[in-house]
Amino acid sequence: MKVRSLASIAALGLASIGGAAAQTTLNVVSAGDQNMVDYVNNYLGPKFEQMNPGVKVRAVGTGPGDSGSQKIYEKLEAQQKAGAAKWDVDVAVVHQRGAATMVENNLLMKYRDQVKAGKLVSRDTAKNALGANVDGYVLPMFHSQIAFAYNPDLVKTPPKSFKELEEWVKKNPKQFGYNGVKGGMSGVGFVMGWVEASDPGMRNMFEKGPYDPKMKATIDKSLESLKAFNQYVVMTPGNAGTLDMLNRGEIAMGPVWVDMFYTWMADGKMNPKVKLELPAPGLPGQPMYYVIPAKAEHADIAKKFIDFAESPEVQADGIVKQFNWYPGIDPQYVESKMPKAEWNKLFTDITPTDLASKGRPFPLSQYFTDIVEGYERVVLK
């Protein structure tokens, strides 16, 4: 499939094809991996077009990671500064940090209360993005989550908390593996979870603010204990490396992305006995957000499109079944739309209740930076 460049979006707009009636093109710009662009162009778009004659959906990608969201931010900011009456991005899919920055700079429309699906989301991530108030401006497209994967043949009773894990590795050296802070976000998430678990009193501040640079001393103290912990563990070569070592039996347990784990399982690349555990007080995950630019040219259609994308039927068939992502809306609205066997496959080990109580957001960006820099200074020295 040929993907249009971001610059080509401006040429889409309203088009007349072969003398037919004017056709409205809904322009969707997505940060994230190519599979997210393909999801819109090959799945969501055609279904929405069938239900809305005269509308054509076109998606382009800006790349993975926060840099992908940054490109969308820069495009919207440029149109804002140019004083454009209408902006040529109708729907954007962005990361938490990107959404927070766009809300802060008045680049987004507050639309959640204007779509039915807005009532199907109660999780804090629909209101809070790394400490920034995004309430009303976003709806989660899906949630990803980090959890411990473990081989029950080697781990009869998996640790239920970070404290239990700390004792477990001493009795089972070199059986737990993670990829630090440079080899992928599953390792970064583990480090964030460790720091927050070490001092419950600071967890709320880390996730919601305010930012206090004096907390660096507390962070460093937690990382000193992680340095001692690391003596008993294996450092894996990345997100995929952790899964690969688990599959080969080189380690018995490690933090992984749940959707990546289930994809490997479906592809036959993972030992089918391996299971998941979400330890207390939790591990971070993150959503991708649907947002509507403040002056989107086709805002009404954009709302209709997002409402369709967030419907329980589409969340079940597209988000959960096709990609093994956790739904963006509350899981209880999706369960009845799926065969029980398929639902159980995703929620057998980690239940919706587990996600609600132990699925944590990543810390505020300033604390996130302090923890990563502290790890490199304290743990790796």
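In what follows, residues are counted from 1 in the order of the sequence shown.
Among F323, W325, Y290, the one residue that satisfies the ring-ring contact (aromatic ring centres under 6.0 Å, His included) test with F142 is W325. For the pairing with V28, the side-chain contact (heavy atoms from CB on, under 4.5 Å) check across V91, N41, D90 returns one residue only, V91.
D199 and S222 form no side-chain donor-acceptor contact under 3.5 Å, judged by distance and modelled atom types alone. Between the side chains of S144 and D259, no donor-acceptor pair is found at a separation under 3.5 Å. No side-chain donor from either of T157 and W168 sits under 3.5 Å from a side-chain acceptor of the other. At a cut-off of 3.5 Å, with distance as the only test, a side-chain donor of H143 or T125 sits close to an acceptor on the other residue.
Contact check for M205 versus M215: side-chain heavy atoms found under the 4.5 Å cut-off. Taking the side chain as every heavy atom from C-beta outward, V89 and N27 never approach each other to under 4.5 Å. By the 4.5 Å heavy-atom criterion applied to side chains, F362 and I371 are not counted as neighbours. A 4.5 Å side-chain heavy-atom check between V191 and L223 finds at least one atom pair inside the cut-off. In this structure the side chain of V40 never reaches within 4.5 angstrom of the side chain of V93, judged on heavy atoms. Within the 4.5 Å cutoff, the side chain of I251 has heavy atoms near those of the T242 side chain. Residues K303 and D300 have side chains in contact (heavy-atom distance under 4.5 Å, counting atoms from C-beta outward). Put simply, the side chain of V121 reaches to within 4.5 Å of the side chain of R112, judged on heavy atoms.
With D370 contributing its side chain and Y367 its backbone, the two residues share no donor-acceptor pair below 3.5 Å. A donor-acceptor pair under 3.5 Å is absent between the side-chain atoms of D317 and the main chain of E313, judged by distance alone. With hydrogens and angles disregarded, no donor-acceptor distance shorter than 3.5 Å links the side chain of T351 to the backbone of F347. Side-chain atoms of D212 come within 3.5 Å of backbone atoms of K214 as a donor-acceptor pair (strictly under, hydrogens ignored). Q315 places a side-chain N or O within donor-acceptor distance of the main-chain N or O of M141, the cut-off being under 3.5 Å. Checking side-chain atoms of K337 against main-chain N and O of P312 turns up no donor-acceptor pair under 3.5 Å.
Applying the salt bridge (Lys or Arg N to Asp or Glu O under 4.0 Å) test to K86 and every residue at least two apart in sequence or in another chain returns nothing. Partners of E77 according to the salt bridge (Lys or Arg N to Asp or Glu O under 4.0 Å) rule, which considers only residues two or more places apart in sequence or in another chain, are K81.
Pairing each heavy atom of M270 with each of L243, the nearest pair is CE-O, 3.2 Å. Across every non-hydrogen atom of Q286 and W257, the tightest pair is NE2-CH2, 4.1 Å. Heavy-atom minimum distance, L346 versus N324: CD1-O, 4.0 Å. Nearest heavy atoms, F176 versus G254: CE1-CA, 4.0 Å. Of all non-hydrogen atoms in L139 and Y111, the two that sit nearest each other are N-OH, 3.3 Å. Here the closest non-hydrogen pair linking N128 and Q96 is O-NE2, 3.8 Å.
With rounding to the nearest 0.5 Å, the separation of OH in Y137 from CD1 in I292 is 12.5 Å. To the nearest 0.5 Å, the span separating OG1 on T263 from CD on Q322 amounts to 11.5 Å. Within the model, atoms NZ of K127 and OG of S122 stand 8.0 Å from one another, a figure rounded to the nearest 0.5 Å. The distance from atom CD of E74 to atom NZ of K71, rounded to the nearest 0.5 Å, is 9.0 Å. Of the inter-residue distances, the one linking Y289 atom OH with H95 atom NE2 reads 11.5 Å to the nearest 0.5 angstrom. In this structure, the separation between CG on D38 and CG on D33 is 10.5 Å, given to the nearest 0.5 Å.
Within a 6.0 Å sphere centred on NZ of K227, other residues, nucleotides and ligands contribute more than 12 heavy atoms. By the 6.0 Å contact criterion, NZ on K174 is enclosed, its count of non-hydrogen atoms from other residues, nucleotides or ligands being greater than 12.
The aromatic rings of F229 and W194 sit tilted relative to each other, their planes meeting at an angle between 30° and 60°. By the 30° and 60° cut-offs, the orientation of the rings of F190 relative to Y178 is tilted.
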Yes or no on side chain to side chain contact (heavy atoms under 4.5 Å, CB included) for M338 and V320, after CA distance, side-chain angles and deciding distance?
CA-CA 9 Å; M338 295 185 65; V320 179; 3.6 Å; yes
Does the pair L120 and D330 meet the rule for a side chain to side chain contact (heavy atoms under 4.5 Å, CB included), with working shown?
CA-CA 6 Å; L120 306 181; D330 292 350; 5.8 Å; no
Stepwise side chain to side chain contact (heavy atoms under 4.5 Å, CB included) test for V234 and E250
CA-CA 9 Å; V234 175; E250 295 176 11; over 6 Å; no
Can you list the steps and then say if V37 with Q34 is a side chain to side chain contact (heavy atoms under 4.5 Å, CB included)?
CA-CA 5 Å; V37 178; Q34 179 62 34; 3.8 Å; yes
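Taking the ring centre of F206 as origin, the terminal cationic atom of R360 falls outside the region bounded by 6.0 Å and 45° from the ring axis.
Residues in residues 263-280 take part in these salt bridge (charged side-chain N to carboxylate O under 4.0 Å, His left out) pairs, two or more places apart or across chains: D153-K273, K160-E277, K275-D349.
Proximity of the aromatic rings of Y211 and F368 is defined here by a centroid distance below 6.0 angstrom, and this criterion is not met.
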